[in-house]
Amino acid sequence: MTLSGKTAIITGSNSGIGLGVAEELARQGANVVLNSYTDSKDDHALADRIAQQYGVTARYIKADLSKGDEARKLVEDAAACDILVNNAGIQHVARVEDFPADKWDAIIAINMSSNFHTIAAAIPMMRKAGWGRIINVASAHGLRASPFKSAYVAAKHGVLGLTKTVALETAEEDITCNAICPGYVLTPLVEAQIPDQMKTHDMDRDQVIREVMLAKQPSKDFATTGQVGGIAAFLCSPAADQITGTSISVDGGWTAQ
Ligand code: NAD
C-alpha cells in the first residue's frame, strides 16, 4: 500500500491500458478517478468494482478530451490530483494525402493537446500538495514512425516533447513528468482483431500474432496492460524520484532496432 492517500486521475480508463493502470494504482492504495467520453452505467459500475476490490475511493468522471475545457474541468472536478496519467487516445490509418482533416484534428486534440490541458490544470494542485507525478502514455510511435499513421506519430512525438518541457519546468519541485512508450499491448481491442486477421491471412492465432501483428516487436510477444500499470506504479515510487523528463519503453525491443 505505497500510494495510499494519493489521488490518481487516469484519462481514457474505462478499457485497455488506462484500466490496467487504474487497477494497478488502486492495488497500490491510490484513490482513482476513471474517465472516458461516455457516461454509462457500466462506466460507473467499473469504478464501484475497483473501489470494492481494492478498498479505495474510485469515481468515474465523464469528459470528452477532444475539448480542452472539458480536459481542464476533469481535473478541477476531481478536486485532487497527485498522480495524473494521460492515457486517452485514438487511431486512424490513411496515407497522408488522403488523411481526413477532421481525423487529424481529433487525434492531435485527444492524443496530444488533452495532455497539455490536464497538465496545466494539475500542476497548481501538485504544487499546493508539494508532490506530483505526471505520466503520459505515449507509444513506440513517439520514437519511431510507421507509414499511414501521420497524425498518431506526430501526436505521440509531441507528447514526448511536452513531457521533457514540463519536467524542466518542475525540476526543482517534487513533481516529475515522464512518458511510457508501449509497443503492441494486448488490449480487448487488439484481441478482438485476431480472429479476423486469422481469416484474412489464412493463418493460425500464433502465426498472426508473430508474423502480422508483432512483425516489428522482436520479443514476438504482446506487452500487457498490467505491465504498463506496473511501470506507472514504479514511476510513482520513491525509487523513481530522480527520474524526470524521460520515457520508458515497454516494447519487447522494438525501438532497439
Ligand atoms: P483503448 O481504445 O482500449 O483505450 C482508449 C481509451 O481512451 C478508452 O477508454 C476511450 O474511451 C478513451 N477515449 C477515446 N477518445 C476519448 C475522448 N474523446 N475523451 C475521453 N476519452 C477518450 O486503447 P488502448 O490500446 O488501451 O490505448 C490507450 C493508450 O495507449 C492510447 O493513448 C494509445 O495510443 C496508447 N498505446 C496503445 C498501444 C496498444 O498496443 N494498445 C500501444 C502503444 C500506445
Side-chain angles (χ1 to χ4, degrees), residues 9-24 32-40 42-43 46-47 60-75 77-78 84-93 102-103 105-115 117-118 135-146 149 151-160 162-163 179-194 209 212-217 219 221-229 231-232 247-252 254-255:
I9 301 175
I10 306 101
T11 70
S13 47
N14 65 350
S15 74
I17 293 173
L19 180 57
V21 171
E23 295 230 22
E24 184 55 29
V32 293
V33 175
L34 305 183
N35 151 265
S36 182
Y37 59 91
T38 52
D39 201 12
S40 71
D42 286 351
D43 293 328
L46 203 52
Y60 177 87
I61 301 179
K62 175 198 176 222
D64 179 352
L65 299 184
S66 66
K67 302 185 174 102
D69 54 346
E70 290 200 27
R72 286 172 190 255
K73 195 167 177 299
L74 165 65
V75 177
D77 288 351
L84 171 65
V85 183
N86 285 308
N87 168 78
I90 58 167
Q91 175 65 286
H92 185 80
V93 179
D102 61 333
K103 295 282 186 207
D105 289 344
I107 290 174
I108 298 298
I110 296 165
N111 296 20
M112 185 179 74
S113 301
S114 72
N115 295 20
H117 292 292
T118 55
I135 298 164
N136 299 319
V137 179
S139 167
H141 281 114
L143 298 160
R144 296 286 185 278
S146 292
K149 296 184 178 175
Y152 188 84
V153 170
K156 295 297 188 180
H157 275 68
V159 166
L160 293 191
L162 175 67
T163 301
I180 301 176
C181 291
Y184 283 104
V185 182
L186 190 57
T187 61
L189 218 69
V190 172
E191 178 68 55
Q193 291 165 21
I194 296 175
I209 290 172
V212 181
M213 303 185 101
L214 297 178
K216 287 189 174 174
Q217 198 144 306
S219 65
D221 202 1
F222 289 107
T224 66
T225 60
Q227 287 163 350
V228 179
I231 298 298
S247 61
I248 299 182
S249 290
V250 187
D251 66 2
W254 179 340
T255 50

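Note that ligands are numbered from 1 as they come in the structure, with each ligand's atoms numbered from 1 the same way. Start at 1 with the first residue, then count along the sequence.
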*Asks:* Does this structure show an ion pair linking Asp64 with Lys67, if we count only N-O contacts that are shorter than 4.0 Å?
*Replies:*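 Yes, this pair counts.
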*Asks:* Would you tell me whether Asn87 and Thr11 have side-chain atoms, one donor and one acceptor, within less than 3.5 Å of each other?
*Replies:*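 Their side chains do not contain a donor-acceptor pair, so the 3.5 Å distance test is not met.
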*Asks:* I'd like to check the ring-ring contact (aromatic ring centres under 6.0 Å, His included) partners of Phe222; sequence neighbours left out, ordered by chain and number.
*Replies:*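 With neighbours one apart ignored, the set is empty.
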*Asks:* Give a yes-or-no answer on whether the side chains of Thr163 and Asn136 include a donor-acceptor pair shorter than 3.5 Å.
*Replies:*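 There is such a pair between these side chains.
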*Asks:* Before you tell me yes or no, could you show the steps for Tyr152 and His157 under side-chain contact (heavy atoms from CB on, under 4.5 Å), namely the whole-Å CA-CA distance, both residues' side-chain angles and the distance that decides it to 0.1 Å?
*Replies:* CA-CA 9 Å; Tyr152 188 84; His157 275 68; over 6 Å; no
*Asks:* Does some side-chain heavy atom of Ser36 sit less than 4.5 Å from a side-chain heavy atom of Lys62?
*Replies:*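 Counting from C-beta outward, Lys62 and Ser36 never come under 4.5 Å.
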*Asks:* Considering only N or O atoms, set out every pair between ligand 1 and the protein closer than 3.5 Å, with distances to one decimal place.
*Replies:*
from	atom 1	to	atom 2	distance (Å)
ligand 1	3 (O)	Ser15	OG	2.8
ligand 1	9 (O)	Gly12	O	3.1
ligand 1	9 (O)	Asn14	OD1	2.6
ligand 1	11 (O)	Asn14	OD1	3.4
ligand 1	11 (O)	Ser36	OG	2.6
ligand 1	18 (N)	Asp64	OD1	2.9
ligand 1	19 (N)	Leu65	N	2.9
ligand 1	26 (O)	Ile17	N	2.8
ligand 1	32 (O)	Asn87	O	2.7
ligand 1	32 (O)	Lys156	NZ	2.9
ligand 1	34 (O)	Tyr152	OH	2.5
ligand 1	34 (O)	Lys156	NZ	3.1
ligand 1	40 (O)	Val185	N	2.8

